[in-house]
*Asks:* 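Please see the structure below; I have some questions.
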Amino acid sequence: MSAIENVRVRFAPSPTGYLHIGGVRTAIFNCLFARRHGGEFLLRIEDTDVERSTQEAVDQIIDSLRWIGLDWDREPVFQSKRLEIYQEHLERLLKEGQAYRCYCPAEELEAKRQKAIAAKVTYKYDRTCRKRDPDEDPAGRPFVVRFKTPEIYPDHYNDLIMGSIPIDEEKLDDWILARTDKTPTYNFSVVVDDATMEISHVIRGNDHKDNTPKQILLYQALEYPVPSFAHMPLTHGPDGSKLSKRREQEYRKLGISVSVQEYRKMGYLPHALLNYLARLGWSHGDQEIFTRSELEQKFDLDAVGKSAGILDPSKLKWVNAHYIKETGDSEIAELLVPYLAELGIEAAADPPGHLQNIVSTLKPRAETLVEMAEKAVFYFKAPDSYDPKSRKKWWKPGAEVVLEKIRGMAESLDFNDESTVETAFRKLADEAAGGKLGKVAQPIRLALTGTTVSPSLFEVISILGSEEVIRRLDRALAELSGNPA
RNA sequence: GUCCCCAUCGUCUAGCCUGGUCCAGGACACAGGCCUUUCACGCCUGCGACAGGGGUUCAAAUCCCCUUGGGGACGCCA
């Protein structure tokens, strides 16, 4: 697809809670689409539901969007500050006879709806008030304003992702534009906002697909140009159904979450999540890894699929692991600090380069920053116990000889230098273990880390430094001789 | 219930529009191997799908129809 002129898109969350993972994906698609075509990406906060909207949620959403690296082009628009605009449009429709006041009591309509549901038929407003002459409207009674659905309308609309979608009479209710308290309903405010903000492409979740016919008719009634629509497939949970905030506990066990913030807590890099989410439902040949600018160059709606995507934590982890390896040691070190703090380790005051060195040994071994922090603990805290199984296997009688020899080397050689350590070990392995490095390394690894799994021992030793190595060896030696220190 | 949408390996997908190059390609996961001081990383190999049935055609994953399965929407929520 070649570049489209005058693109302006928007992301329009309602601030009733944290940012939904499906929400960011919508935001990502919008933003990338705008960048791809040199257009604008705007943010609109849909806070007309005063009861449920909070400032805290607004802050959280903005924070999450920034974290993942999304940038919008103008000040965010708040619907709550645009009430007069909706009112103007409403009056215009009323005056032109394209909308009418409905005095039917809410309870009465609700009862009819329940009845329809019980009878298993589609509920539609019976248009009682449409039939009345507006001049005969009862004065002083509460009313809502309904859209007077025109008799003639297009039989379909063209969706940029889903293709041709029929407009079905069944769905064209005389829906409510404004509530009794005069506030606009969603379908009314979006249209007024998108039209007045001159949005060119409405890219949103597939769950809004059935609202589109209503909205198109409103654009036409208001004589605004109808934007292009693109309904993206939804993001589903592992069971294949729509993600539900209520099932968060269940998701947690599987390593996914509905909340964007949680992914930060789980130790994902923002660009990794962005990359993963962009690739969920969109593709560019066989490419999996995209830089930000590649995404901005290559993303387009014509390569977006039609079917819903299931969040796959293992693929996400793989993408994350990839970026952990790709990113520089110092950057990762900086990002790691808060995760270490969670474990009670204050690494910020360490000598410069210390944490970077640690990070460089852990990068190929961690899929998330949480995992990396956990694996870094032994560098900061000497083992307080030794894995019993490994003890049995590697600390057989005579093992103390090896520990003592290494201890001696640590005293006489420069163990802050990795290659010196390696040379010493190889020499010892030749002399004492028939060249089997493992026989020397494992007992030492156990002494130094408490387990038999760690980064390269040579790296570990050079990072720990001679002093600390001696301390840990002494402690292990004491343990071996039956006199734990 | 009504309406709408979707349908390629377990998952994300390429291919479908413009039928043949596809006994269907890549990635994640999984299994095995190599490398190796352990664990990883990396590399190699393997496993694994056109939902089913009818058409159309010399030829269908690709076009048409039906069935089945899945999802979404039916508010004075957004």
Side-chain angles (χ1 to χ4, degrees), chain A residues 12-16 46-49 51-53 79 102 106 109-110 113 116-124 142-146 159 162-163 165-171 173 175-187 189-190 205-213 231 233-234 236 238 240-242 276 279-289 302-303 305-319 321 325 361-367 375 390 394 422 425-426 429 433 436-442 444-446 449 451-458:
Chain A
S14 60
T16 55
E46 310 223 319
D47 57 351
T48 47
D49 186 343
E51 293 291 301
R52 298 197 300 148
S53 300
Q79 285 192 326
C102 169
L109 295 177
E110 181 56 25
R113 206 176 79 229
I117 291 167
K120 303 195 172 197
V121 287
T122 305
Y123 169 75
K124 276 174 78 171
F143 61 88
V144 296
V145 178
R146 287 182 183 274
D159 190 282
M162 290 300 170
I165 307 279
I167 295 182
D168 177 34
E169 195 237 320
E170 275 296 303
K171 305 215 145 146
D173 197 7
W175 50 285
I176 294 172
L177 300 169
R179 306 179 183 104
T180 311
D181 66 3
K182 307 233 189 310
T183 57
T185 58
Y186 166 75
N187 277 313
S189 57
V190 242
N206 200 253
D207 48 345
H208 289 290
K209 189 182 54 189
D210 292 335
N211 287 322
T212 309
H231 287 94
L234 298 178
H236 284 175
S241 65
K242 199 181 175 184
Y276 174 76
R279 261 287 285 129
L280 184 62
W282 169 79
S283 62
H284 184 78
D286 286 337
Q287 191 171 348
E288 299 285 353
I289 299 298
D302 51 9
K306 295 180 177 184
S307 47
I310 293 172
L311 284 177
D312 178 8
S314 40
K315 179 80 172 266
L316 208 208
K317 277 188 185 168
W318 174 79
V319 176
K325 279 174 279 195
T361 69
L362 261 17
K363 274 182 9 180
R365 295 175 170 80
E367 291 189 305
K375 289 188 170 166
S390 311
W394 295 105
E422 176 160 3
F425 266 76
R426 293 207 184 274
K436 295 277 187 191
L437 197 46
K439 292 205 172 176
V440 178
Q442 287 302 64
I444 303 293
R445 194 189 309 274
L446 183 56
T449 71
T451 73
T452 48
V453 175
S454 85
S456 159
L457 243 202
F458 313 139

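So that the names make sense, note that chain A is the first sequence line, chain B the second, and so on, each numbered from 1.
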*Asks:* Side chain of A:R365: nearest nucleotide among B:C12, B:C6, B:U38?
*Replies:*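 Selected nucleotide: B:U38.
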
*Asks:* Scan nucleotides 26-28 of chain B against the protein and return all N/O pairs shorter than 3.5 Å with their distances rounded to 0.1 Å.
*Replies:*
residue: B:G26; atom: N2; partner: A:E288; partner atom: OE2; Å: 3.1
residue: B:A27; atom: O4'; partner: A:E288; partner atom: OE2; Å: 3.4
residue: B:C28; atom: OP1; partner: A:W318; partner atom: NE1; Å: 3.4
residue: B:C28; atom: O2'; partner: A:S314; partner atom: O; Å: 3.4
residue: B:C28; atom: O2'; partner: A:K315; partner atom: N; Å: 3.2

*Asks:* Nearest-nucleotide wise, let me know which of A:S454 and A:D173 is further upstream toward the 5' end of RNA chain B.
*Replies:*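 By nearest-heavy-atom nucleotide position, the 5'-most residue is A:S454.
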
*Asks:* Hey, is the main chain of A:T48 close enough, under 3.5 Å, to the side chain of A:Y186 for a donor-acceptor pair?
*Replies:*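 Here the side-chain-to-backbone pair does not exist.
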
*Asks:* Please determine, for the side chain of A:N211, which listed nucleotide (B:A78, B:A7, B:G72) has the closest atom?
*Replies:*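 Nearest nucleotide to the side chain: B:A78.
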
*Asks:* Does the structure show a Watson-Crick or G-U wobble partner for B:C74, both distances under 3.5 Å? Name it, or say none.
*Replies:*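 Its partner is B:G1 (Watson-Crick or G-U wobble, both distances under 3.5 Å).
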
*Asks:* Check the phosphate of B:C76 against A:T185, side-chain N and O only, distance under 4.0 Å to OP1 or OP2. Yes or no?
*Replies:*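 Looking at the OP1 and OP2 atoms of B:C76, neither is under 4.0 Å from any side-chain N or O of A:T185.
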
*Asks:* Just checking A:A106: base, sugar-phosphate only, or nothing, at a heavy-atom cut-off of under 4.0 Å?
*Replies:*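 Base, at least one base atom sits under 4.0 Å.
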
*Asks:* Among the nucleotides B:C6, B:C4, B:C77, which one has an atom lying closest to any side-chain atom of A:D210?
*Replies:*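 So the nucleotide nearest the side chain must be B:C4.
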
*Asks:* Indicate, with a heavy-atom threshold strictly under 4.0 Å, whether A:L457 touches base, sugar-phosphate, or nothing.
*Replies:*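 Base contact - A:L457 has a heavy atom under 4.0 Å of at least one base atom.
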
*Asks:* In the strands shown, is B:G46 matched to any nucleotide by a Watson-Crick or G-U wobble pair with both distances under 3.5 Å, and which?
*Replies:*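 Answer to the pairing question: B:C30, which forms a Watson-Crick or G-U pair with B:G46.
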
*Asks:* Taking the C1' atom of each, how far is B:C16 from B:C39, in whole Å?
*Replies:*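 Looking at atom C1' only, B:C16 and B:C39 are 45 Å apart.
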
*Asks:* When you get a sec, tell me which of B:U37, B:C41, B:C5 is the closest nucleotide to the side chain of A:Q442?
*Replies:*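 Of the candidates, B:U37 comes closest.
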
*Asks:* Suppose you measure atom C1' in B:U62 against the same atom in B:U18; what distance do you get, rounded to whole Å?
*Replies:*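 Their C1' atoms lie roughly 11 Å apart.
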
*Asks:* Okay, side chain of A:S14, backbone of A:T16: is any donor-acceptor separation there less than 3.5 Å?
*Replies:*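 Such a contact is absent between A:S14 side chain and A:T16 backbone.
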
*Asks:* Roughly how far apart, to the nearest Å, are B:C9 and B:A61 at atom C1'?
*Replies:*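 That atom pair is separated by 13 Å.
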
*Asks:* Would you say B:U37 has OP1 or OP2 under 4.0 Å from some side-chain N or O of A:R445?
*Replies:*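 No, no such contact exists.
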
*Asks:* Counting the atoms with a prime plus P, OP1 and OP2 as sugar-phosphate, which does A:K325 contact under 4.0 Å by heavy atoms, base, sugar-phosphate, or nothing?
*Replies:*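 Touches sugar-phosphate only.
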
*Asks:* Could you work out which one of B:C4, B:A73, B:A78 sits closest to the side chain of A:K209?
*Replies:*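 So the nucleotide nearest the side chain must be B:C4.
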
*Asks:* Is A:T452 touching bases, backbone alone, or none of the nucleic acid, heavy atoms closer than 4.0 Å?
*Replies:*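 Base, at least one base heavy atom under 4.0 Å.
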
*Asks:* Can you tell me, in whole Å, how much space there is between the C1' of B:C30 and that of B:G20?
*Replies:*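 Approximately 35 Å lies between the C1' atom of B:C30 and that of B:G20.
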
*Asks:* So, are A:D207 and A:K242 salt-bridged, with charged N and O less than 4.0 Å apart?
*Replies:*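 Salt bridge flag = yes for A:K242 with A:D207.
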
*Asks:* In whole angstroms, how far is the P atom of B:U37 from the CD1 atom of A:I444?
*Replies:*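 Roughly 16 Å, once rounded to whole Å.
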
*Asks:* Is A:T180 touching bases, backbone alone, or none of the nucleic acid, heavy atoms closer than 4.0 Å?
*Replies:*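 Answer is base: heavy atoms of A:T180 come under 4.0 Å of a base.
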
*Asks:* When we call it a touch if two heavy atoms are under 4.0 Å apart, what does A:G281 touch: a base, just sugar-phosphate, or nothing?
*Replies:*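 Contact class for A:G281: sugar-phosphate only.
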
*Asks:* Does A:R179 reach the main-chain N or O of A:V144 with its side chain, forming a donor-acceptor pair under 3.5 Å?
*Replies:*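 Such a contact is absent between A:R179 side chain and A:V144 backbone.
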
*Asks:* Using atom C1' of each nucleotide, how far apart are B:C63 and B:G26 to the nearest Å?
*Replies:*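 Looking at atom C1' only, B:C63 and B:G26 are 27 Å apart.
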
*Asks:* Say we look at B:G70 and B:U56: how far apart would their P atoms be, to the nearest angstrom?
*Replies:*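 Taking atom P in both B:G70 and B:U56, they lie 31 Å apart.
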
*Asks:* Return the nearest nucleotide to the side chain of A:V144; candidates are B:G71, B:C76, B:A7.
*Replies:*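 Within the option list, the nearest is B:C76.
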
*Asks:* Measuring to OP1 and OP2 of B:A78, would you say a side-chain N or O of A:T48 lies under 4.0 angstrom away?
*Replies:*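 Yes.
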
*Asks:* Using atom CG of A:N206 as one end and atom P of B:C3 as the other, report the distance to the nearest whole Å.
*Replies:*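 Checked: the CG to P distance equals 18 Å.
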
*Asks:* What's A:S456 touching, base or sugar-phosphate or nothing? Going by heavy atoms closer than 4.0 Å.
*Replies:*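 It contacts base atoms.
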
*Asks:* So do the side chains of A:K182 and A:F143 get within less than 4.5 Å of each other, counting heavy atoms only?
*Replies:*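 They are in contact (side-chain heavy atoms under 4.5 Å apart), so the answer is yes.
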
*Asks:* To the nearest Å, how far apart are A:D207 CG and B:C6 P?
*Replies:*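 So the CG-P distance, A:D207 to B:C6, works out to 16 Å.
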
*Asks:* Show, in sequence, the C-alpha distance, side-chain angles and deciding distance for A:I444 and A:L457, and conclude whether the side chain to side chain contact (heavy atoms under 4.5 Å, CB included) test is met.
*Replies:* CA-CA 8 Å; A:I444 303 293; A:L457 243 202; 4.0 Å; yes

*Asks:* Do we see a donor-acceptor contact under 3.5 Å between the side chains of A:T183 and A:D181?
*Replies:*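 Side-chain D/A pair, A:T183 to A:D181: present.
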
*Asks:* Tell me what A:L234 touches on the nucleic acid: a base, only sugar-phosphate, or nothing, going by heavy atoms under 4.0 Å.
*Replies:*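 Sugar-phosphate only.
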
*Asks:* Does A:T185 reach the main-chain N or O of A:I176 with its side chain, forming a donor-acceptor pair under 3.5 Å?
*Replies:*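 Side chain of A:T185 to backbone of A:I176, a donor-acceptor pair under 3.5 Å: yes, one is there.
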
*Asks:* In whole angstrom, give the distance that lies between atom CG of A:L437 and atom P of B:U38.
*Replies:*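 Taking CG of A:L437 and P of B:U38, I get 8 Å after rounding.
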
*Asks:* Look at all strands and tell whether A:L280 reaches a base, only sugar-phosphate, or nothing, counting heavy atoms closer than 4.0 Å.
*Replies:*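 Sugar-phosphate only.
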
*Asks:* For the side chain to side chain donor-acceptor pair (under 3.5 Å) test, which of A:R365, A:R445, A:K375 pairs with A:S454?
*Replies:*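 Among the candidates, only A:R445 passes.
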
*Asks:* Does B:U2 have its OP1 or OP2 closer than 4.0 Å to a side-chain nitrogen or oxygen of A:R113?
*Replies:*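 Indeed not, no polar side-chain atom of A:R113 lies that close.
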
*Asks:* Any side-chain N or O of A:K242 less than 4.0 Å from the OP1 or OP2 oxygen of B:A73?
*Replies:*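 Yes, such a contact exists.
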
*Asks:* Whole-Å distance between B:G71 P and A:M162 CE?
*Replies:*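 Distance, rounded to whole Å: 15 Å.
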
*Asks:* For nucleotides B:C50 and B:G25, find the distance between their C1' atoms and express it as a whole number of Å.
*Replies:*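 The same atom, C1', in both gives a distance of 13 Å.
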
*Asks:* With both distances under 3.5 Å as the test, what is the Watson-Crick or G-U wobble partner of B:U68?
*Replies:*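 The answer is B:A7, by the H-bond criterion.
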
*Asks:* By the 4.0 Å heavy-atom rule, please label A:H236 as base, sugar-phosphate, or nothing.
*Replies:*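 Contact class for A:H236: sugar-phosphate only.
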
*Asks:* Please work out if A:Y276 contacts a base, only the sugar-phosphate, or nothing of the nucleic acid, heavy-atom cut-off 4.0 Å.
*Replies:*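 No contact.
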
*Asks:* Sticking with atom P, work out how far B:A24 lies from B:A51, rounded to a whole angstrom.
*Replies:*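 15 Å, rounded to whole Å.
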
*Asks:* With a 4.0 Å cut-off on heavy atoms, is A:K306 in touch with a base, just the backbone sugar-phosphate, or nothing at all?
*Replies:*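 It contacts sugar-phosphate atoms only.
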
*Asks:* Take the protein atom NE2 of A:H231 and the nucleotide atom C1' of B:G71, then report the distance between them rounded to whole Å.
*Replies:*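 My rounded result for the distance is 15 Å.
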
*Asks:* Which residue lies toward the 5' end of RNA chain B, A:P455 or A:W282, if each is placed at its nearest nucleotide?
*Replies:*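 Going by which nucleotide is closer to the 5' end, it is A:W282.
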
*Asks:* Checking contacts here: which listed nucleotide (B:A78, B:G71, B:C6) is nearest the side-chain heavy atoms of A:S14?
*Replies:*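 Among B:A78, B:G71, B:C6, the one nearest the side chain of A:S14 is B:A78.
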
*Asks:* Report which part of the nucleic acid A:K124 touches: base, sugar-phosphate, or nothing (heavy-atom distance under 4.0 Å, all strands).
*Replies:*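 It contacts nothing in the nucleic acid.
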
